[in-house]
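In what follows, a structure is listed as structure tokens, so that the remarks can point back to it.
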Amino acid sequence: MKQLLPGIWQWSWFSEDKQLDFNGLFLNVGEHKILVDPPPMTAEAHTFVRRQGALDYIIVTNRDHVREAASYQADFRCQLQMPEADVAQMDVKPSKTFKDGELLPGGIWVIHLNDQKSPGESALYIQQGKGVLIVGDALIGKPAGGLSLLAPEKYGDITNARVGLRRLLKYNFDSILVGDGASIVFGAKQAVEQALQT
């Protein structure tokens, strides 16, 4: 477990297949303890989460980031929340669904992103410090210190996908925490702008 920001920790599981770190987040925000897009945890990470007290929620940003959410939901006995638009394409049944503009526990705003890899792709926004953005498959932290989109074949239309992602620039943030690759703790807005120019 690596602390990235006050109340926010990240752990990673290396995917041999994708040659990328799959990241999960542990948030201790607004009196709530939350996991986001959880990949497999080491015993050490698992113990760390348990020591923080009862886990309240697991939030999944898109249909492809369920990862270990179902087993951790059973393990930690918490609620599971997912994008409403992706539920029909998932095998896991959530405790609750969410859609664009909803305020989730812990002061987390949902930003639905159109024309992405999955219909429910959602970013999460926390008004903490200079602003924190959490993304699943919307942007990949590759190369380290920069951001990129998924391969063009993952989208119905890459041009529309870029347009959908421009919505993120309307928010004030300095950190972007990614589900895949390397997160950017400072100067993230500029990295998003650069990724969407290419």
Hey, could you give me the [atom1]/[atom2] distance between [X] and [Y], rounded to the nearest 0.5 Å?
{"X": "Phe173", "Y": "Lys130", "atom1": "CZ", "atom2": "NZ", "result": "13.5 Å"}
{"X": "Asp37", "Y": "Leu124", "atom1": "CG", "atom2": "CG", "result": "7.5 Å"}
{"X": "Thr42", "Y": "Phe48", "atom1": "OG1", "atom2": "CZ", "result": "11.0 Å"}
{"X": "Gln3", "Y": "Gln10", "atom1": "CD", "atom2": "CD", "result": "12.0 Å"}
{"X": "Leu196", "Y": "Leu139", "atom1": "CG", "atom2": "CG", "result": "6.0 Å"}
{"X": "Asp75", "Y": "His46", "atom1": "CG", "atom2": "NE2", "result": "3.5 Å"}

Should [X] and [Y] be regarded as members of a common hydrophobic cluster, given that ILVMFWY residues are connected when their side-chain heavy atoms come within less than 4.5 Å of each other, either directly or indirectly?
{"X": "Phe14", "Y": "Leu20", "value": "no"}
{"X": "Phe22", "Y": "Trp11", "value": "no"}
{"X": "Leu168", "Y": "Val178", "value": "yes"}
{"X": "Met1", "Y": "Leu4", "value": "no"}
{"X": "Val66", "Y": "Val110", "value": "no"}

Under a 3.5 Å distance rule, please check whether [X] uses its side chain to pair with a backbone N or O of [Y] as donor and acceptor.
{"X": "Ser122", "Y": "Gly120", "result": "yes"}
{"X": "Ser12", "Y": "Asn23", "result": "no"}
{"X": "Tyr155", "Y": "Leu150", "result": "yes"}
{"X": "Gln194", "Y": "Val192", "result": "no"}
{"X": "Arg162", "Y": "Ala195", "result": "yes"}
{"X": "Tyr125", "Y": "Asn172", "result": "yes"}
{"X": "Thr61", "Y": "Val135", "result": "no"}
{"X": "Gln81", "Y": "Phe98", "result": "no"}

key: Check ion pair Asp64-Lys117 (N to O, under 4.0 angstrom)   = yes
ask   = Going by an N to O cut-off under 4.0 Å, is there a salt bridge joining Lys96 and Asp56?
value = no
ask   = More than 12 foreign heavy atoms under 6.0 Å from CD of Glu44: is that the case here?
value = no
task = Inspect the surroundings of CD in Gln190 and state if more than 12 heavy atoms from other residues, nucleotides or ligands are less than 6.0 Å away.
result = no
Closest non-hydrogen atom pair between [X] and [Y], with its separation:
{"X": "Val87", "Y": "Met82", "result": "CG2-CB, 4.4 Å"}
{"X": "Ala188", "Y": "Leu147", "result": "O-CD1, 4.5 Å"}
{"X": "Tyr72", "Y": "Met41", "result": "OH-N, 2.7 Å"}
{"X": "Trp109", "Y": "Leu103", "result": "CE2-CD1, 3.4 Å"}
{"X": "Asp180", "Y": "Arg67", "result": "OD1-NH2, 2.6 Å"}
{"X": "Val60", "Y": "Ala69", "result": "CG2-CB, 3.9 Å"}

request  = Verify side chain to side chain contact (heavy atoms under 4.5 Å, CB included) between Lys170 and Ile111, making sure each step is shown before the conclusion.
outcome  = CA-CA 11 Å; Lys170 294 177 182 174; Ile111 307 168; over 6 Å; no
Indicate yes or no: at least one non-hydrogen side-chain atom of [X] is less than 4.5 angstrom from one of [Y].
{"X": "Ile58", "Y": "Pro38", "result": "yes"}
{"X": "Leu104", "Y": "Ile34", "result": "no"}
{"X": "Pro119", "Y": "Arg63", "result": "yes"}
{"X": "Asp137", "Y": "Glu121", "result": "yes"}

key: Trace of the side chain to side chain donor-acceptor pair (under 3.5 Å) decision for Asp86 with Ser118   = CA-CA 7 Å; Asp86 275 356; Ser118 76; 2.9 Å; yes
request  = Mind running side chain to side chain contact (heavy atoms under 4.5 Å, CB included) on Val49 and Lys33 for me, showing each step along the way?
outcome  = CA-CA 9 Å; Val49 172; Lys33 294 169 184 68; over 6 Å; no
key: Donor on one side chain, acceptor on other, Asp100 and His112, under 3.5 Å   = no
key: Intermediate values then yes/no, side chain to side chain contact (heavy atoms under 4.5 Å, CB included), Leu149 and Lys154   = CA-CA 10 Å; Leu149 278 73; Lys154 299 284 187 185; over 6 Å; no
request  = Could you check Leu35, Ile108, Ile59 and say which one makes a side chain to side chain contact (heavy atoms under 4.5 Å, CB included) with Leu27?
outcome  = Ile108
task = Take Arg167 and Asp115 through the salt bridge (Lys or Arg N to Asp or Glu O under 4.0 Å) test and state the conclusion after the steps.
result = CA-CA 12 Å; Arg167 183 175 184 205; Asp115 300 301; over 6 Å; no
task = Could you check Val36 against His65 for side chain to side chain contact (heavy atoms under 4.5 Å, CB included), going step by step and ending with a plain yes or no?
result = CA-CA 9 Å; Val36 180; His65 277 209; over 6 Å; no
